[in-house]
Amino acid sequence: MKVLVVGSGGREHAIVDALSRNSQIQQIYAAPGNGGIAGQARIVPIPADNIHALADFAATERMDLTFIGPEVPLSLGVVDLFRDKGLKVVGPTAEHAKLESSKIHAKRFFKANRIPTAAFFECSNANDAYRYLETAAAPIVVKADGLAAGKGVVVAQTLEQARAAVHEFMEARSMGDAGTRLVLEEFMTGEEASFLVFADGTSFHPMVVSQDHKRRFDNDQGPNTGGMGAYSIDTILSKEQHTAVIESIIRPTLAAARTYSGILYAGLMLTPAGPKIIEYNARFGDPETQVILPRLKSDLLEIFMDIADHRLGSRPVEWSKEVTAVVVLVASGYPGKVENGKRIEGLDDAARLEGVRVYHAGTRLEDGNVYTAGGRVLNVTARGTTLSQALDRAYAAAEVIRFDGKDYRKDIGKKGLAKG
Ligand code: AMP
């Protein structure tokens, strides 16, 4: 079998790694991949958003299956295109991917299907937004409607900040077309959790729950990022919360979005009134995938094939009881501008540590050496029997890896440790 994985992050490295445990696969291809994926898959230099070139490649090379990692090709209709060409692909259609690519579409969907979420006001011109803010209370959340790589959300502590965000998005057009329409949303309090499911249009299987760390600095300070770390342990949700998420959020969503297939990722707020949905993603999260897939005991290729063939309900998906953690090593300056091309050392030493696996994100392989090539550089993942063991192992490996400007958060998993 030949399998193509589209994307280039730590998420895709973890997917390639999980797929490579299947012995039926002769070759994994990755487009465009990264320096670490290059060790486990054949690199195809096609950018993830060039959906026509991807479909041509998959057709010419007779791929048996393609998995789409990132949101942009999904929103551009890569799945529709592959299906039109008779190619087997896992992911939602562009119509279903709108649950992620338009926050207004998502909020209307939640409301229409009585899925618990923050109260909201949608607007398509700045004056309406300013007028609404005259009677609103802070804190309030301002969200650009379109895809903005995690940068389209401002949690405004004051109405002054909210007005400034409206100005940035709608008048200064800082997010381009993504900010043409906005959602102004009630601020919710509580812990966040990431709840992902495999879905095939008829049935679904929940994955193990995880928690990520979006802010750049310790104690959730600083700007939002693509993700600075995550951990996965079953106690993130109580039994009652787990049931509530499935019954009040996941089941009604999939009942309404009837043919949704692929990965559905619910970003949750565990409010005092019960779990509420913050947002949906139409794909695996990054870095959550790096802590979820190492706990998967079932075969990922079989699951993907079952999704593509609409027979996901025919067998269970099994997970280990282990705990996993990931610490993201970033280049100094991230999430702003960073300098690339720094040589990375210590990767082999880190990989030899017990329970440790390093997934690459912004790296480049050249003449056997690995160099930095992006803001989020490496994902140091570790497993353990307890959260503190998994974290200790990940942090020990993070110390062993060296490159100029290396930085990382020192408090990943702190909330989980406090729970005991
Ligand atoms: P999103 O891209 O919609 O997941 O938002 C990014 C982050 O902003 C979330 O992970 C939350 O930390 C925060 N956020 C978004 N919406 C809300 C809300 N209504 N109340 C509180 N925090 C929010």
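As the structure lists them, so they are numbered: ligands from 1, and atoms in each ligand from 1.
Residue Phe187 has at least one heavy-atom neighbour below 4.0 Å for each of these atoms of ligand 1: 20 (N), 21 (C). The ligand atoms of ligand 1 that sit less than 4.0 angstrom from a heavy atom of Val141 are 16 (N), 17 (C), 18 (C), 19 (N), 20 (N). Distances below 4.0 Å separate heavy atoms of Lys214 from the following atoms of ligand 1: 10 (O). Within ligand 1, counting atoms from 1 as listed, the ones closer than 4.0 Å to a heavy atom of Glu185 are 16 (N), 17 (C), 18 (C), 19 (N). In the vicinity of Ile278, heavy-atom distances shorter than 4.0 Å reach the ligand 1 atoms 3 (O), 4 (O), 15 (C), 16 (N).
At least one donor-acceptor pair under 3.5 Å links the side chain of Ser174 to the backbone N or O of Glu168. Without hydrogens or angle criteria, Asp286 side chain to Arg11 main chain gives a donor-acceptor distance under 3.5 Å.
In this structure, the protein non-hydrogen atom closest to atom 13 (C) of ligand 1 is Val155 CG2, 3.9 Å. Of all protein heavy atoms, the one lying nearest to atom 5 (O) of ligand 1 is Val153 CG2, 3.5 Å.
Geometric assessment of Lys107 against the ring of Phe109 yields a negative cation-pi assignment under the 6.0 Å and 45° thresholds.
Thr385 and Val323 get closest at one heavy-atom pair: O-CG2, 4.0 Å.
Considering each of Glu192, Met188, Lys143, the one bringing a non-hydrogen atom nearest atom 16 (N) of ligand 1 is Lys143. In this structure, of Lys276, Glu100, Glu279, Met269, the residue bringing a heavy atom nearest to atom 1 (P) of ligand 1 is Glu279.
A salt bridge is defined here as a Lys NZ or Arg NE, NH1 or NH2 lying under 4.0 Å from an Asp or Glu carboxylate O, and Asp80 with Arg83 fails to meet this definition.
Aromatic ring centres of Phe67 and Phe284: separated by under 6.0 Å. For Phe195 and His242, the ring centers are positioned less than 6.0 Å apart.
An N or O contact shorter than 3.5 Å links Glu186 to ligand 1 by distance.
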